[in-house]
Structures are given as structure tokens and as C-alpha cells.
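What you see is a predicted model, and the numbers here were worked out from it, not measured in a lab. In what follows, every chain begins at residue 1, and chains take the letters A, B, ... in the order their sequences are listed. What you see below is based on every heavy atom in this structure, not just the backbone, and it leaves out hydrogens, waters and symmetry mates.
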Protein chains: 2
Amino acid sequence: MTTAPRTHRRGVKHGGEISNVPLGERIADQLRDLILDGVLAPGAPLVETSLAAELGVSRAPVRQALRILGLDGLVETVPYRGTTVRGLDRRDVEELLRIRTLHEGFAIRCIVERGDHSACDVLYACCDEMATVGGDVAALNRADARFHASLIEVADHALLITLWRTISMQVRHVMAMCNRRVADARVIAAHHRRIVDAIAVGEDERATMLLEAHVRDVIELVLREWSEPDAA
Amino acid sequence: MTTAPRTHRRGVKHGGEISNVPLGERIADQLRDLILDGVLAPGAPLVETSLAAELGVSRAPVRQALRILGLDGLVETVPYRGTTVRGLDRRDVEELLRIRTLHEGFAIRCIVERGDHSACDVLYACCDEMATVGGDVAALNRADARFHASLIEVADHALLITLWRTISMQVRHVMAMCNRRVADARVIAAHHRRIVDAIAVGEDERATMLLEAHVRDVIELVLREWSEPDAA
DNA sequence: TAGTGTTACATTGTCGACAATCGATCGTCC
DNA sequence: GGACGATCGATTGTCGACAATGTAACACTA
């Protein structure tokens, strides 16, 4: 859910072991990257037969993959018509970022309530990492995504994490669609660090406000580059 | 799923037309009701082969159905092991209801921001309906569910509605698992009406607080009956 | 008896083929 | 010429069979 944890996989994290991960999920991962990297533009059709042929597999796992992506909100399937990469319009972006703020604010409250200090350590580490990426825009994006993902994870709220999966996927999608020119990485890292500072001293309201301000900046930045919404 | 709108279906709402709805979705609906009505207890295995045989269909649509339910957080699938009805423990219930409060509070803010008065009309109608169910517990549950669903819908926030699908499904699951003895329907209806009153005059904070109190009551009521968590 | 290797069974994963459905195109009729 | 209907191609929906995987019970060995 959405969404509950999709599957339970045990074992094998290290090395390049033989994967017992169902084909469908691996295909989904592959297609997801293609979409999120912008290789598959919004509106592009994803034909089961063609994909199966290209990937050298049967249609069954491809179908499963498309369903997973549909779940993630990355593609749209119409019965008997086909599946296409989902387009995002201005309203989608606004909705997405507001919801994101809502959930991150909730995560902050969870952390503060528990007074979990190790959580702050994790977040500080993310900030440090963010400060070191220099001018690499892609790396900054990744570091930023990692910070926000960590914020959700350390909240230690299983359902929140589940919901976050869907949201973060679409956030990545939005970010991929605008070649965001960013400010200095160290400035952004400092912004984030201030949020963690507030969390560390238990001021969840201030932390939330800082976070809202941060996300609002991002919204503005994104929407400015959103000249032509390619209409879903 | 979680989650973007699963599919777009056009046409045929009335009568018992021939359904062009894919079998898998119909099966999912059927199984969902079975789970939500408690016929299929948590932990019960859902074997693709057996279900296909019982329903007189092939395994393909059954697989699709199980995947949809997995998305809704109602079942759990482990690769090569099988699918079972998901069990809910005390923590799940608490997480669920907190998340629910979070989203409904957000919905309230959306409505107040837009100053949408027709929204309040819809909600008042739900309250009226709720007041008339008398001692029918099931009907009261349905009316309550309808109120909260309406609250989300009138917020007019597509992504919120999507996320709500997953949540509400699990809420129904929880409600189904405890034979909740409720207070007088008219009292509960009055509680809800007070929330709408606050929304109508734009006092979103008060509305949210009232709603939080309401949900907290529900949590308490549910958890009290949660003697033996059957452990996921 | 404790431990190990093996076998059998249940279940899901994957495959290729056929049927149902949809949209567009073309032809026909007024 | 315009509207209606049939046909066609493309795509997904469904099916039955086979392969891969994991669990558990069993026999075997030290």
C-alpha cells in the first residue's frame, strides 16, 4: 500500500549471488529506472509483447512488472487498451509535495515523541554527506533523497514507510523531469542540518516549519521549470 | 497504491450488464469481502491453484487478484512460499489509526482552505444518515466509514484519495476483527456533526482536535477488545 | 541418538497459445 | 458528401502445462 511491504525476501544481500528474486520484480526495477531517468517519456506506451520480446522473457513477468509500476504510480493501465508512462501535470506536482510535507512532518513528530537520539545521528550523517558532493547536481539529488528517506525510516513507523514508497517514487519522477539548477550544496546541507537541530532538541513544530519552508522552495523551483505541463 | 488509481474504467455502471472488468479485479473484490467479513481469518493460506479451481478460472486472474490484495495490505505474499491473509497486531492498529488521523486532518485543512461549503453539505448528509441507523451496529459502521470516506473525497486531492484507499481498506479490516459494541448512534452522529460545524466556520484546528478525540476513542475501544493479537 | 543427505510433495514462477476487446480504417448506402 | 456498419490490426485478458523453488518427512550414517 500501497501498500504493505510487497514481499519478504530473506537472505542474500552481499555479493552478486544467484538471485531468487522473481523475474517480474527485476523487470519492474529495470523499467522503473528507465522511467525515472527520463529515458521513457511520459505517455510512452509500454507494450507487454514488445517488452517481453526485447527482454527475452514471457509476457507473464512483464505483466507483473507493469502492475508493480502501476502501484508505484509510475504508469497507467487501461484494460484492453494498454499501459503508458504516467504524465504529471502541475496539479500532480503540487499535491505530491504537499503530501510529502505532511508525511515528513508526521515523521518528525514520531521521532521527537520517542526522543530517539540515534535517529538524529543518522540524519546528521546524511547532512554531512550532502555537504561534500560539491557541484554534482545528480549526487546532490541523491543525497537529498537519502536524507528524506532516512527521515521516514527512523520514524520507525511501518505503515508510514509503506505509504512513503509510493510517494517517494513519484517525487523522484518529478525531480527527474526538471533539470533542477540547484544552489550550493553546502547551503542546502546547512538547511537540512538546521531541521535536525530542531528535532534533536525536541522542537518538532519548528522542525516542521523549517521543513515546510524547504519543501516550498523546492516546489517553487520545480514549478518554475514546469513551462509546459504535458498533460496526463 | 497504493498508489495511483488502479485502472480507468469507462461506461456501464447501471444494471447487470456484461462486465468488461477483468476477472482478476472481480476476484479481488470477492476475496476482499471475504477477508473483510472475517470469513477468511488472518493467517489463512490463499493457494492460487485451489482458488482457481474453486472459482472455475485459471490461475492467471487469481494471481492478479492476490497481487491487488497485497497492494491493499490485506494479504502477504512470500515468493515460492505462498500467500496468506495478513494478521494485524496491536502495533499495526495503533499505526493505522494515527495515520488515519493524519490524513483526515489534512483533508480538513484542504476543505477549510478552499472554503468549500458544498463539502460541508455532503458531510452533514452523512451525519443525518448516521443518526437514523438506530441500533444496527453494522449499519452504523458503514455510515461511519462513509462519513470518513466522504471527508477524504471532498478534500478534492487526488493523491490523498489514492493513499486513503490503502488505509481505509485496513481500517475496515481492523473494524471487522473486533465486534465493536458501540454507543448510541445519535451520540456518534452528534460528534461528527460537531466536527463539520468547525469545518464550516473555518476552524480547522478545532475540527482536527475533535476528530483526533473521536479517533482516539475508537482506538481505545478497539484495543480493549484486542485481547489476543494473533501475531502476524 | 544426533546429524546429514535425499526424496517427495506442495506451491509459486514462467512460458507459449488462444480468446476477448478496443480503436481505426475502409467500404457501403442514403 | 456524410453517416452508418463491417473488417482489420494491435493489445490485453485468460488459459493450461511445465519448470523452479522451498518445506518437510524420511532413510542413512557415524
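Look at B:E113 and B:R109 and you find no salt bridge, because none of the NZ, NE, NH1 or NH2 atoms lies under 4.0 Å from a carboxylate O. Ion pairing between A:R32 and A:D29 holds under the 4.0 Å rule for side-chain N and carboxylate O.
The minimum heavy-atom distance linking A:R86 with A:D92 is given by the pair NH2-OD1, 3.7 Å.
Rounded to an integer number of Å, the gap from A:L23 CG to C:dG16 C1' is 15 Å. As a whole-Å value, the separation of B:I27 CD1 from D:dG13 P is 13 Å. Between the P atom of D:dT12 and the CD atom of B:E25 lies a distance of 15 Å, rounded to the nearest Å. Following rounding to the nearest Å, B:E48 (CD) and D:dA20 (P) show an atom-to-atom distance of 18 Å. Between the CG atom of B:L66 and the C1' atom of D:dT14 there is a distance of 16 Å, rounded to whole Å. Atom CD in A:Q64 sits about 13 Å away from atom P in C:dT12, given to the nearest Å.
The residue B:T83 sits close only to the backbone: its heavy atoms come under 4.0 Å of sugar-phosphate atoms, none of a base. Looking at heavy-atom distances under 4.0 Å, A:L51 makes no contact with the nucleic acid at all.
For the atom pair CE (B:M169) and CZ (B:R172), the distance works out to 7.5 Å, reported to the nearest 0.5 Å.
Proximity note for B:S58 (side chain, C-beta onward) versus D:dT14, C:dT12, C:dT14: the nearest is D:dT14. Each of D:dT11, D:dA20, C:dC15 was ranked by its minimum atom distance to the side chain of B:Y80; first place goes to D:dA20.
For B:R59, no side-chain nitrogen or oxygen approaches OP1 or OP2 of D:dG13 to under 4.0 Å. Regarding contacts with the backbone of D:dG13, a side-chain N or O of A:R63 is found under 4.0 angstrom from either OP1 or OP2. Side-chain nitrogen and oxygen atoms of A:R81 include at least one within less than 4.0 Å of the OP1 or OP2 phosphate oxygen of C:dG23.
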